[in-house]
Protein chains: 2
Amino acid sequence: MAEVRLAKARRGRPRQAEVARLAGVSQTTVSLVLSGNKQGIALHPDTRARVLQAARQLGYAPDPAAQRLAAARNDLLGVFSFTATFPTDVAHSYYPILVGVEQEAVARGYDLVLFTGSSSAPAQAGRTDALDRVRLADGCLFLGRHVPADELRRLVEQGYPAVHIGRRDELDTLAWVGADYAEATAEVVRRLADLGHRGMALVCETDEALASTDRERGFRGALAGAGLSGGVVRAADPAAEITGAWVRAQLAAGVTAFVAEETDTCAAWRALLTAVEEAGLTAPAEVSLALLGSPPADLAHHPEPTGFDIPKAELGAAAVRTLAALLTAGEADYSPLVPCAFRPGHTAGRAPAT
Amino acid sequence: MAEVRLAKARRGRPRQAEVARLAGVSQTTVSLVLSGNKQGIALHPDTRARVLQAARQLGYAPDPAAQRLAAARNDLLGVFSFTATFPTDVAHSYYPILVGVEQEAVARGYDLVLFTGSSSAPAQAGRTDALDRVRLADGCLFLGRHVPADELRRLVEQGYPAVHIGRRDELDTLAWVGADYAEATAEVVRRLADLGHRGMALVCETDEALASTDRERGFRGALAGAGLSGGVVRAADPAAEITGAWVRAQLAAGVTAFVAEETDTCAAWRALLTAVEEAGLTAPAEVSLALLGSPPADLAHHPEPTGFDIPKAELGAAAVRTLAALLTAGEADYSPLVPCAFRPGHTAGRAPAT
DNA sequence: TCCCCTGACTAATGCGCATTAGCCCCCGAC
DNA sequence: GTCGGGGGCTAATGCGCATTAGTCAGGGGA
């Protein structure tokens, strides 16, 4: 067996020992020369040259497995998304995050390991528990709101470096990065107020995710802060509740601006658009509309929604930075909230004169 | 230093030795139990259970680098793309391919490592250079046409299991899987011929990628096979060359069907749509249009293009199957061409009666 | 009773590299 | 001349795991 392995591994792959033999030095010296001699050990230029020459001649390339083993870290970052890894539908919402993750990871010299939550590998004997699989990486990013809290807690408590993308407060020991929905929403409200709107309504789907409640909190806070009136509507089926009649009733009650939040389906925003049209109103002129997030691809054009953009790529990058900090310093001193960028858009305008 | 490294490495990363201590057995036994005991060494069910229990309790996961070094395998598959795997410019992306790769890999019990051949990676001396990094994995998928051929050749010649996604013929030793563009294009031509079209034009960007020349080959072949007339236009800037006037001229020359190929930008297809409109013609009625590939997201709706879909997920899955074969058998007896599915669409109709 | 299996484990080793202790020799200072 | 002190290298060790040789009881046959 040993010979087989050797033959396979050897095929055209010189090791430092062979370079050393050719150069007439020790393996240590080869390592020293090739790895840039960070120890500050003095080396003769001649020796250096001989080693480099020998390495070139043999076509030496270090074995990454050995390097990583010796370094006691593998420079692998896990990316765990608990929904069927990169499902086509959710793809649109996670994809930009992955872009940021990849860029930052590459910049820092990490490779990425992809993990799927749902389609866990055939639970073979000896295979460890689903979440434990991420341990093959030095640290891991968790994505999505369905990450099982108890397993994640155990991982974190055992000191495994993990960063959750999206605010997460049940676990106070868990590092996370998230968009600052509250502040971004508050800014939208302030902008609308600046345009003269005194009453606003926020339309949401029934959802208790922090991404949603944060927006609601920001909305209410800004409303109160500016002495505005308005309310929040949570509808299980926005299309059913948000109708033309509803819009008219709101208008009658002094609400001139309507705000919806981005979700996977953007049901609330779609309902709002339909309802306004149904009410025979036009968007920037008679009522103002704002979307707390980015519109889905099929609604992206023409009337660009006023609102804010979630800096998804930046979120991914921030997550990697946090994880990297965890990995090198053991503790991250970070600001988890990433600001969103206000997007002027074309669906909000001055409040109509009463 | 040793303590520092140890402390760092230890952090939340149990080793077999620790599992062994907890289970009251030797590290060897743990290895035997966890790796399925391929040596046929007898083990007490009790011992086995104790070890598994201890491993679960500690959340043990094997270190891929160590596995790779010791056994020359770690059940990791690499995915290497020279450009970012998750490109910033949305549409074209490798994403759908990755979905297929992911599914097939998980089904076969492999984990995926994403290697991004970065332009920006710190190319320090001694640090494994771009392509050699993939050696951490048992085998690797390569995608994109910018994979450096010479480095890839070296890898393959040294016996490293690699599969390229997308036809690749400069390296006859390199395994690859690709969409059967030629046949798919030929089918489109045949369908158009069935609709009565006797003259057709293929519009391409200037591109010498196989994906493009294969289509051209299929086009010309089918044209000849059916005794049709027509030609191929390659334009550096399709928008400039493909005009309403050009379309009219073609029509006058007997060309009633226009075909474009999918590219990153889909410039040819866009140009075609514009030109036809400019010529005052409507698509299914007066001229027929076909797209060799899938439309970009922003053009996906309403007039669904006649043409074919590239089975990207299937391509990814096929690549994994091929790689798996390489890994287990050392040689893959495979059919590299994956068929594309014809898409009826709504832009092609009967040829207008002359 | 002795011996030799055989079953159930474990000690020892090595993968290729980085790191840590030295080791040896030459040179300058006393 | 002797001794201290670098400079320039090398021997030894360990990273975490798989593998190869054992080792050590217990049991059955003679």
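Because the structure is a prediction, the values reported are computed rather than measured. Each chain gets a letter, A, B and so on, in the order its sequence line appears, and its residues count up from 1.
Regarding contacts with the backbone of C/dA18, a side-chain N or O of A/S31 is found under 4.0 angstrom from either OP1 or OP2. Checking the phosphate oxygens (OP1, OP2) of C/dA18, a side-chain nitrogen or oxygen of A/Q16 falls inside 4.0 Å. Phosphate contact (OP1/OP2 of C/dT10, side-chain N/O of B/Q27, threshold under 4.0 Å): absent. Distances shorter than 4.0 Å separate none of the side-chain N or O atoms of B/T28 from OP1 or OP2 on C/dA12.
With sequence neighbours excluded, the residues forming a side-chain contact (heavy atoms from CB on, under 4.5 Å) with A/D150 are A/P148, listed by chain and number. Residues satisfying the side chain to side chain donor-acceptor pair (under 3.5 Å) criterion with B/Q57, sequence neighbours excluded, are B/Q53. Residues forming a side chain to side chain donor-acceptor pair (under 3.5 Å) with A/N74 (at least two apart in sequence, or on another chain): none. Under the rule for a side chain to side chain donor-acceptor pair (under 3.5 Å), A/R50 has no partner lying at least two apart in sequence or in another chain. Residues passing the side-chain contact (heavy atoms from CB on, under 4.5 Å) test with B/A149 are B/R168, B/E170, sequence neighbours excluded. Partners of B/A313 according to the side-chain contact (heavy atoms from CB on, under 4.5 Å) rule, which considers only residues two or more places apart in sequence or in another chain, do not exist here. Among residues two or more places apart in sequence or in another chain, the side-chain contact (heavy atoms from CB on, under 4.5 Å) test is passed with A/R153 by A/E157, A/L171.
Using a 4.0 Å heavy-atom distance criterion, A/L69 is classed as a base contact. Contacts of B/V25 with the nucleic acid, taken as non-hydrogen atoms under 4.0 Å apart, involve only primed sugar atoms and P, OP1 or OP2.
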Could you go through nucleotides 22-28 of chain C and list every protein N or O atom that sits under 3.5 Å from one of its N or O atoms, giving the distance for each pair?
none

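For the helix from C/dT1-D/dA30 to C/dC30-D/dG1, the terminal axes (five pairs an end, C1' atoms, rotation from four pairs onto the next four) enclose an angle of 70°, given to 10 degrees.
Note: A/F80 and A/F142 have tilted aromatic rings, judged against thresholds of 30 and 60 degrees for the angle between ring planes.
Evaluation of atom-type donor-acceptor distances gives no pair under 3.5 Å for the side chain of B/S26 against the base of C/dA11. With hydrogens and angles ignored, no donor-acceptor pair closer than 3.5 Å exists between the side chain of B/T29 and the base of C/dA8.
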